[in-house]
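What's counted below: heavy atoms across the whole structure, side chains too, no hydrogens, waters or symmetry copies.
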Amino acid sequence: MENYKTIFQQKKVCVLVPTYNNEQTLAHVLESVRAFTDQVIVVNDGSTDSTNEIIARFADLEVVMYPVNQGKGFALRQGFKRAVALGYEHAISIDSDGQHFADDLPKFIDALETFPDAIIIGERNMNQSSVPGKSNFGKKFSNFWFKFETGVTLNDTQSGYRMYPVKLLKRFKFITRKFEFEIEVLVRAAWAGIPINEIPVKVFYPERGKRITHFRPFRDFSRISVLNTVLVTITLLYIKPRDLLRKLNDKAGRKKIIDQLFNSGHSDLVKAVSVGFGIFMGIFPVWGFQLIIAISLSFLFKLNKALVIIAANISIPPMIPLILFASHMTGVIWMGDQAVSLSFDKELTLEVVKESFFQYMLGAVTLSIGAGVFFGLITFSLLKIFRRQS
């Protein structure tokens with residue numbers, strides 16, 4: 001253990017213990033942690049019990065405290081700030097309720113050799129009989145949305161036992177303060193290209209009724225759901241298009257797109273329908289919700305999600321004026337003598353589009369259907385030609 005104390009110093013790693021009214025378990029957690037390192041930061045998140053007296057028993061602890069409880073996310077954020085100010089590059093967060101085991105700390109230090117700039121999550125063994133059913137449900141729920149928002153598959157996005165690269169996270173402006181922070185930090189780190197890895201750790205759940213938890217199921221689950229709604233919206237409107245453009249500019253990324261088109265497990269018909277449907281949704285006049293609807297329906301109809309997203313990005317900003325103009329002019333077919341004609345280079349303004357909104361809507365629906373069918377047929381034909389030649 002003395003050896004690990006030296007390694008903690010060399011690697012500039014501290015242990016971060018956020019706590020709120022855990023007087024029954026806090027002392028044991030601190031004693032067990034200090035067997036491995038003296039580099040410990042305790043954040044007293046406005047506790048009203050004997051937490052301050054317990055902390056005072058331990059020499060050389062770095063303590064952050066404030067009088068009013070703010071939430072676990074806020075406590076972690078304050079701990080990150082103190083860790084960076086003290087020159088640490090990584091912080092291992094461990095809960096003060098006793099569910100985590102300090103003798104797993106060396107696993108994080110060992111993983112640092114392989115993943116020096118990653119967030120490393122302690123993946124808990126949730127197959128124990130004492131684990132509440134709601135915890136398993138919450139984990140699966142969180143894992144699903146995390147993968148949707150980032151494309152990264154993890155087994156335990158809810159574990160609070162983690163090592164954070166605080167030196168890299170210091171540039172982030174986080175917004176959440178409660179339990180949902182542990183989702184925000186993972187998703188935003190993944191968006192920024194910070195790797196996220198998992199290592200197995202033990203977990204202890206007391207018998208029903210004996211565990212002290214500050215998680216409020218309805219209120220906190222609602223906050224997490226609201227956060228996921230925001231993150232999904234950002235994912236569909238910004239992250240997915242951004243990643244697509246990066247792939248198109250990257251040789252390896254272009255290869256992945258080609259593989260999706262030619263080498264995925266879907267039939268040529270499904271691929272063609274996916275492209276056509278993506279084009280349809282990219283033009284259909286539901287601006288701001290096109291990707292959300294497209295991806296949701298692609299899951300429902302078991303389409304090729306990657307091709308749907310790629311095709312739906314026909315409505316990227318440079319294409320929007322052209323789509324608006326083409327939709328407006330297609331509406332002439334239905335409006336007859338009442339049609340409003342436009343000159344693309346001189347007269348296409350938002351005000352003009354508003355004045356002829358009905359013409360635009362009819363045209364946009366017609367254009368989206370026509371373009372979807374056209375590009376779907378072209379895709380199907382090209383795939384057949386490609387297969388005959390290969």
Donor on one side chain, acceptor on other, Ser50 and Glu23, under 3.5 Å: yes

Asp103/Phe36 under side-chain contact (heavy atoms from CB on, under 4.5 Å): CA gap, chis, key distance, verdict: CA-CA 8 Å; Asp103 60 8; Phe36 292 90; 3.9 Å; yes

Ser368 side-chain N/O to Val365 backbone N/O, donor-acceptor pair under 3.5 Å: yes

Under 3.5 Å donor-acceptor, Trp145 side chain and Ser225 backbone: no

Inter-residue atom distance Glu62.CD - Leu86.CG, 0.5 Å rounding: 4.5 Å

Within 6.0 angstrom of Trp334 CH2, more than 12 heavy atoms from elsewhere: no

Pair Val185-Phe172, side-chain contact (heavy atoms from CB on, under 4.5 Å): steps then yes or no: CA-CA 9 Å; Val185 65; Phe172 287 72; over 6 Å; no

Gln359 side chain vs His328 backbone, donor-acceptor pair below 3.5 Å: yes

Shortest non-hydrogen contact from Phe58 toward Ala27: CZ-O, 3.7 Å

Ring centres under 6.0 angstrom apart (Phe181, Phe174): yes

Cluster check Phe8, Val84: I/L/V/M/F/W/Y, side chain < 4.5 angstrom: no

Backbone of Lys384 reached by a side-chain donor or acceptor of Asp268 within 3.5 Å: no

Between CD1 on residue Ile94 and CG on residue Asp104, distance to nearest 0.5 Å: 8.5 Å

Donor + acceptor pair across side chains of Asp45, Tyr66 (<3.5 Å): yes

Straight-line distance of Phe115 CZ to Glu198 CD, nearest 0.5 Å: 10.5 Å

Residues, nucleotides or ligands: over 12 heavy atoms within 6.0 Å of Gln338 CD: no

Contact summary for Ala326 and Leu367, nearest pair of heavy atoms: CB-CD2, 3.7 Å

Exam field: side chain Glu182 to backbone Ser159, donor-acceptor pair closer than 3.5 Å: no

Working for side-chain contact (heavy atoms from CB on, under 4.5 Å), residues Leu16 and Arg82: CA-CA 10 Å; Leu16 178 58; Arg82 182 63 61 88; over 6 Å; no

Polar side-chain atom of Glu149 near backbone of Val187 as donor-acceptor pair, under 3.5 Å: no

Donor-acceptor contact below 3.5 Å, side chain Gln39 vs main chain Val13: yes

Met65 CE to Ile55 CD1 distance, which is reported to the nearest 0.5 Å: 5.5 Å

Side chains of Asn21 and Thr48, donor plus acceptor under 3.5 Å: yes

Beyond-backbone contact of Phe374 with Ile279, side-chain heavy atoms, under 4.5 angstrom: no

Heavy-atom check, side chain of Leu30 versus side chain of Leu26, under 4.5 Å: yes

Residues Thr176 and Glu184: side-chain donor-acceptor under 3.5 angstrom: yes

Leu324/Tyr360 under side-chain contact (heavy atoms from CB on, under 4.5 Å): CA gap, chis, key distance, verdict: CA-CA 8 Å; Leu324 289 174; Tyr360 158 72; 3.7 Å; yes

Side chains of Ile183 and Phe146 in contact at under 4.5 Å (non-hydrogen atoms): no

Non-hydrogen side-chain atoms of Phe358 and Met335 separated by less than 4.5 Å: yes

Flag side-chain contact, heavy atom, 4.5 Å: Ile239 against Leu231: no

Side chain to side chain contact (heavy atoms under 4.5 Å, CB included), paired with His90, selected from Lys167, Lys12, Met163: Met163

His100 side, atom NE2; Ser32 side, atom OG - distance, nearest 0.5 Å: 12.0 Å

Flag, side chain of Arg188 to backbone of Lys173, donor-acceptor distance under 3.5 Å: yes

Residue pair Leu297 / Leu300, side-chain heavy-atom distance below 4.5 Å: yes

Student check: side-chain heavy atoms of Ile283 and Ser327 closer than 4.5 Å: yes

NZ or CZ of Lys170 within 45° of Phe80 ring axis and under 6.0 Å: no

Phe144 CZ: over 12 foreign heavy atoms closer than 6.0 Å: yes

Side-chain H-bond candidate by donor/acceptor type, Ser96 with Asn22, under 3.5 Å: yes

Salt bridge present between Arg34 and Asp60 (N-O < 4.0 angstrom): no

Any donor-acceptor pair under 3.5 Å from Tyr161 side chain to Phe101 backbone: yes

Backbone N/O of Asp49 and side chain of Ser47: donor-acceptor pair under 3.5 Å: no

Straight-line distance of Asp38 CG to Lys5 NZ, nearest 0.5 Å: 4.0 Å

Close side-chain approach of Leu154 to Glu123, heavy-atom, < 4.5 Å: no

Hphob cluster co-occupancy, Leu76 + Phe74, side-chain heavy atoms under 4.5 angstrom: yes

